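Some notes on the structure that comes next.
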Amino acid sequence: MVPLFFNPFVSLLFMASLRLISLVLAVVLFQGCAPLEPDLPVDEEGEPIDLPPPGEDWLFFESVEPKEEISTRPTIEINFNSYLDPETFNSYGTLRMRSGGLTNAGRVDYWMTRRQLRFRPNADLEPRLSYQLQLLADDLRSITGSPLHTLAILPRLHTSEDLEPTDPLRRPEVSWEEVEAIFEIHCNDCHSDPNWMLPELTRESLIHKRSEQVDARLVEPFSAPRSYLMHKILPDYPLRRKEVQPPSWSDAPPLSMTDVERIEHWIANGAPP
Ligand code: HEC
C-alpha cells in the first residue's frame with residue numbers, strides 16, 4: 001500500500017491546508033503590526049471634524065531653503081505641503097545635522113502660516129563639509145494625521161565660509177496695538193456689536209479663553225498652532241468649525257496673509273500688550 005503521505009490526493013489536501021494556515025497566519029500577523037489609526041479629531045460635542053479626501057493624504061517636504069550651500073551658522077527653512085500637528089514635534093530634538101561622526105543639534109521654530117519649520121544649529125558647523133539634514137521626530141504628522149511620506153528625504157548641504165551666518169531664530173515683534181488695528185478693520189463690525197452675541201476680540205477675552213466651538217483656547221500664548229484664533233483665520237486650515245473669519249459671505253475685507261502672519265507672530269511671541 002502507498003504510504004498515506006505519498007498518496008497524491010492526500011498530499012495535495014495536506015499542502016492546500018498548509019497554505020490556508022499560513023495565509024490566515026500572515027493576515028493575523030500583518031494586522032497585528034499594522035500602524036494604529038490615529039484618533040479622528042472631534043469637536044466639543046464629540047462630533048467628528050471632516051478630514052481632507054484621500055489622495056491629499058501624505059505629508060511631505062515641499063522645498064528646503066537654502067539649497068546646496070549654507071553658511072556655517074545657517075537658518076534652514078523646510079516647507080511642508082500641510083499644517084503640522086504640534087503634538088508630533090517640539091522645538092528641540094526635531095532636526096539635526098550630521099557629517100560623518102559630527103552631529104549638530106539645534107532648535108526649530110514652526111512658522112505656521114508658511115507651513116514651515118525653521119532650523120538653526122546650536123553651534124557653528126565646520127566649514128567645507130557636507131552635512132545631512134536629519135529629521136528626528138519619527139512620528140511627525142500633519143494636523144489631519146497624515147504621516148510623512150516614506151520617500152521624503154532631506155537634502156545634503158555643504159558649508160561655505162563665503163556665506164554670511166543668518167540671524168538667530170527670532171520673529172518680528174508685533175504689539176497688541178497692531179493686532180487690534182487689524183481686528184478693527186476686518187472683524188469688529190460684527191464682534192463688537194452686542195446684537196451678534198459673539199466673543200469680543202480684546203486681548204483679555206482672547207488669551208487663555210476657551211472657544212465656544214471646539215475644545216481649544218482662542219489664544220494660547222507662545223503657541224500659534226494651539227490657538228483656535230489661527231485655525232479660524234487661515235483660509236485653508238483643514239480643521240475648524242463653521243466659517244473662515246471674516247466670513248466669506250460678509251462685506252468685511254478678507255485678511256491678507258501678511259496680517260495673518262502678524263497675528264501669528266504676536267501669539268508666538270507670547271501675545272504681549
Ligand atoms: C460678518 C460678521 C463677522 C466678521 C466681520 C467677523 N466675524 Fe468672527 N464670527 C462671526 C460669526 C457669525 C461667528 C460664529 C460662526 C462661525 O464661526 O462661522 C464668528 C466666530 C468667530 C470665532 C470663533 C469663536 C469661538 O468661540 O470659537 C473667532 C475666533 C472669530 N470669529 C474671529 C474673527 C476674526 C479674527 C475676525 C476678523 C479677522 C472676524 N471674526 C470677523 C462673525 C463675524
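Both counts, for ligands and for their atoms, begin at 1 and track the order of listing. The model shown is predicted, which means the values in this text are computed figures rather than measured ones.
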Hey, does the side chain of [X] reach the backbone of [Y] with a donor-acceptor pair shorter than 3.5 angstrom?
{"X": "K232", "Y": "R240", "answer": "no"}
{"X": "S82", "Y": "L59", "answer": "no"}
{"X": "W111", "Y": "L117", "answer": "no"}
{"X": "D85", "Y": "S146", "answer": "no"}
{"X": "H191", "Y": "P199", "answer": "yes"}
{"X": "S205", "Y": "T202", "answer": "yes"}
{"X": "Y110", "Y": "L84", "answer": "yes"}

Write out the residue and atom name of the closest protein heavy atom to [atom], then the distance separating them to 0.1 Å.
{"atom": "atom 12 (C) of ligand 1", "result": "W196 CZ3, 3.8 Å"}
{"atom": "atom 14 (C) of ligand 1", "result": "Q213 NE2, 3.7 Å"}
{"atom": "atom 24 (C) of ligand 1", "result": "P199 CG, 3.6 Å"}

Within a distance under 4.0 Å of any heavy atom of [X], pick out the atoms of ligand 1 and give their elements.
{"X": "Y228", "value": "27 (O)"}
{"X": "F183", "value": "35 (C)"}
{"X": "H186", "value": "5 (C), 37 (C), 38 (C), 41 (C)"}
{"X": "L255", "value": "38 (C)"}
{"X": "A252", "value": "5 (C)"}
{"X": "E212", "value": "25 (C), 26 (O), 27 (O)"}
{"X": "L229", "value": "35 (C)"}
{"X": "K242", "value": "15 (C), 16 (C), 17 (O), 18 (O)"}

Backbone or side-chain N or O of S211 under 3.5 Å from ligand 1 N or O: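 Yes; the residue has a nitrogen or oxygen that sits under 3.5 Å from a nitrogen or oxygen of the ligand.
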
Test item: S71 and E164 side chains (from C-beta on) under 4.5 Å apart, heavy atoms: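 Side chain of S71 against side chain of E164, heavy atoms only: no contact under 4.5 Å found.
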
Atoms of protein origin (N, O or S) under 2.8 Å from atom 8 (Fe) of ligand 1: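 For atom 8 (Fe) of ligand 1, the protein N, O and S atoms that sit under 2.8 Å away are H191 NE2, Q245 OE1.
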
No-hydrogen, no-angle side-chain donor-acceptor test under 3.5 Å, E178 and S175: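 Yes.
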
Row check, F80 ring normal vs R115 NZ/CZ: under 6.0 Å, within 45°: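 Not flagged: R115 not positioned over aromatic ring of F80.
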
Residue part near ligand 1, for S250, under 4.0 Å between non-hydrogen atoms: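 Looking at S250 and ligand 1, just side chain atoms fall under 4.0 Å.
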
I182, portion touching ligand 1 at heavy-atom distance under 4.0 Å: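 None of I182 does.
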
Closest non-hydrogen atom pair between I78 and F61, with its separation: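 Heavy atoms only, the tightest pair is CG2-CD2, 3.7 Å.
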
Nearest heavy atoms of L255 and Q245, plus distance in Å: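 Answer, listing the atom of L255 first, then Q245: CD1-O, 4.3 Å.
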
Stepwise salt bridge (charged side-chain N to carboxylate O under 4.0 Å, His left out) test for R203 and E180: CA-CA 8 Å; R203 196 168 159 265; E180 196 178 29; over 6 Å; no

